[in-house]
Amino acid sequence: MADVSTGLGTGRASVGAVLDFAWTAGEFTATDVMAATSLTRSTAIDAIETLLGAEVLRELPNARVAGSYRSGRPARRFALSPELGVVVGIDAGDTHIAVTVADPLDRTLVHHRVEVDQRQSAAARRASIIENLDAALLESGIAHDRVLALCVGVAAPVDRDGVSPPHPDGFWERTNPGLAEALRDRAPVVEIKNDAQLAAIAEGAEGAASGCRDYVALLSSERYGGGVVVDGHVLHGAHGGVGEGVVFDHIVGVGSAIGLPHSVQDAARAVVAEGAASTDGALGRLVAAERIDPRLVLTLAASGDADALLVAERVGAVLARIVGVLGSMYDPARVVVCGAVAESIEPVLAAARRILPEELHLPAPEILASALGAEVVSVGAVATARRAARERTVPLLAEQRLSLLA
């Protein structure tokens with residue numbers, strides 16, 4: 001996998017301190033730098049000038065030119081240069097590919113998502129990912145050499161080299177078809193990550209786990225997967241398999257790692273087939289259709305439909321058992337249910353919350369629905385790429401430019 005050395009040299013400590021401050025400061029002055037870093041005025045100004053010369057910072061029009069300064073000498077104002085480059089986050093799901101091109105701070109430039117055939121070969125999948133990456137960069141007008149960092153989320157365990165272990169059915173090798181090698185020249189830093197771990201990063205950065213140090217992001221789409229955070233650290237494991245959903249195949253009362261959408265469909269069919277729900281009611285008519293939309297079932301439950309509420313109770317009981325296992329293993333304060341289904345999952349969560357205390361001896365974690373929707377993995381991939389740009393690529397870029405100026 002592509003990699004870079006980290007940080008500015010020890011002789012550039014003040015420059016590194018100013019650069020680190022600039023990432024979160026927005027517009028700032030030398031006085032702001034002094035207050036945040038304890039540097040003297042002359043050292044702060046020297047460091048700022050150095051980063052200006054390296055084109056890592058830019059100087060903004062002064063306050064008088066901007067029309068917001070009334071008297072005296074206006075302070076010089078600075079910000080990170082918008083010409084540093086971009087980051088890319090890719091959600092390479094089983095049935096979709098979503099590519100996000102963003103600036104290193106907070107702005108999304110391009111986001112596009114396409115559906116793909118989950119039966120495609122590894123080679124076809126790899127080609128689709130590269131094709132959609134190229135299309136997104138073309139749409140954004142960004143040259144390939146301006147990508148600072150790239151992160152891809154896949155539905156498979158991934159080790160620290162970006163490689164997935166063998167799967168009995170070959171699924172992991174297909175969903176992560178040598179992406180670390182295929183993309184290694186596409187950015188100075190390329191990271192391949194498990195999608196549930198990226199969901200956990202997203203929820204901690206700007207979702208329902210913000211400010212929480214112990215939580216699980218339970219990603220539920222085709223199958224369950226858990227991104228686990230303990231003491232503020234995302235757990236990984238030797239092969240990137242922490243939170244892998246296959247454990248639920250062996251849990252009594254769960255029996256399968258299939259995700260919530262499929263659980264809702266199966267429960268809807270079961271209650272109608274058993275005669276527990278009317279065949280001519282709203283739920284019965286949905287089940288009689290060729291495909292059951294889980295969101296419609298959950299919408300019915302939210303509106304108080306008795307048959308759909310029975311479905312929510314059954315699925316909630318299974319979810320409570322799953323969260324109970326996670327609670328006993330990792331002792332989280334929160335479990336955040338993530339994915340597209342999360343927007344309508346409240347009836348299931350309400351049922352799970354009532355049952356959960358019986359499933360473990362520890363205090364029950366809070367169960368929440370993610371507000372990040374179907375793009376939760378994309379959000380985590382972009383956040384991871386931004387962190388890589390901040391901690392690894394841009395410091396090296398600054399060091400290289402400063403060496404040229406020396």
Side-chain angles (χ1 to χ4, degrees), residues 1-63 66 74-89 100-109 142-151 186-191 201 204-206 232-234 380-406:
M1 183 185 308
D3 200 356
V4 294
S5 302
T6 59
L8 293 164
T10 55
R12 313 271 195 187
S14 60
V15 174
V18 173
L19 178 56
D20 191 55
F21 168 75
W23 278 101
T24 56
E27 298 180 7
F28 63 91
T29 66
T31 300
D32 297 328
V33 171
M34 292 165 58
T37 65
S38 300
L39 296 176
T40 65
R41 175 169 291 277
S42 61
T43 301
I45 291 173
D46 285 347
I48 290 170
E49 293 291 350
T50 299
L51 289 169
L52 286 171
E55 299 181 343
V56 174
L57 295 182
R58 64 165 175 164
E59 185 166 4
L60 303 173
N62 66 45
R76 297 171 68 193
R77 300 179 304 131
F78 312 93
L80 278 175
S81 170
E83 303 303 319
L84 280 176
V86 298
V87 299
V88 176
T100 306
V101 181
D103 73 12
L105 294 176
D106 56 13
R107 188 165 60 100
T108 296
L109 305 178
I142 301 296
H144 286 81
D145 61 4
R146 291 192 59 216
V147 178
L148 299 169
L150 186 156
C151 178
R186 293 304 186 110
V189 178
V190 173
E191 298 195 69
I201 290 168
E206 53 186 270
H233 300 287
V234 180
V382 170
T384 300
R386 281 180 168 145
R387 180 171 181 174
R390 174 177 177 171
E391 296 181 354
R392 300 161 70 183
T393 312
V394 173
L396 180 63
L397 179 66
E399 182 71 29
Q400 290 170 339
R401 291 179 178 178
L402 292 176
S403 297
L404 292 174
L405 292 172

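Side chains included, hydrogens not; waters and symmetry mates left out as well; all remaining heavy atoms used.
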Between A149 and T393 the two heavy atoms that sit nearest each other are CB-OG1, 4.5 Å
With R186 as partner, the option from V147, L150, D145 fulfilling side-chain contact (heavy atoms from CB on, under 4.5 Å) is L150
Value for OG (S14) from CD1 (I48), rounded to nearest 0.5 Å, stands at 10.0 Å
Closest heavy-atom pair, V88 versus A385, reported as atoms and distance to 0.1 Å, is O-CB, 3.7 Å
In this structure, OG1 of T24 is separated from CG of L105 (nearest 0.5 Å) by 9.5 Å
Residue set satisfying side chain to side chain contact (heavy atoms under 4.5 Å, CB included) with L60, at least two apart, ordered chain then number -> E27, R58, R77, A79
ask   = Got L51 and F78 here, is their nearest side-chain heavy-atom distance under 4.5 Å?
value = no
*Is there side-chain contact between V189 and L148, with at least one heavy-atom pair below 4.5 Å?*
no
**Request:** Name the orientation class of the two ring planes belonging to F21 and F28 (parallel below 30°, tilted from 30 to 60°, perpendicular beyond 60°).
**Result:** perpendicular
Heavy-atom nearest pair, P104 first then G85, reads CD-O, 3.4 Å
dist R392:CZ -> E191:CD (nearest 0.5 Å) comes out at 5.0 Å
| query | Considering only heavy atoms from C-beta outward, does the side chain of V56 approach that of L80 to under 4.5 Å? | reply | yes
>> side-chain hydrogen bond (donor to acceptor under 3.5 Å, both in side chains), that's the test. Do T29 and D32 meet it? Break it down for me.
In response: CA-CA 5 Å; T29 66; D32 297 328; 3.2 Å; yes
Given side chains that start at C-beta, do those of L39 and V18 come closer than 4.5 Å, heavy atoms only?
yes
CZ (R76) and CD (E59) are apart, to the nearest 0.5 Å, by 4.0 Å
Donor-acceptor pair, distance only, cut-off 3.5 Å: does the side chain of R386 make one with the backbone of D103? yes
CD1 (I201) and SG (C151) are apart, to the nearest 0.5 Å, by 7.0 Å
Across all chains, not counting sequence neighbours, the salt bridge (charged side-chain N to carboxylate O under 4.0 Å, His left out) partners of E206 are none
Separation between OG1 (T31) and CZ (R41), nearest 0.5 Å, reads 4.0 Å
Note: A54 and A398 closest approach over all heavy atoms is CB-O, 4.5 Å
Check: W23 main-chain N/O paired with D20 side-chain donor or acceptor under 3.5 Å: no
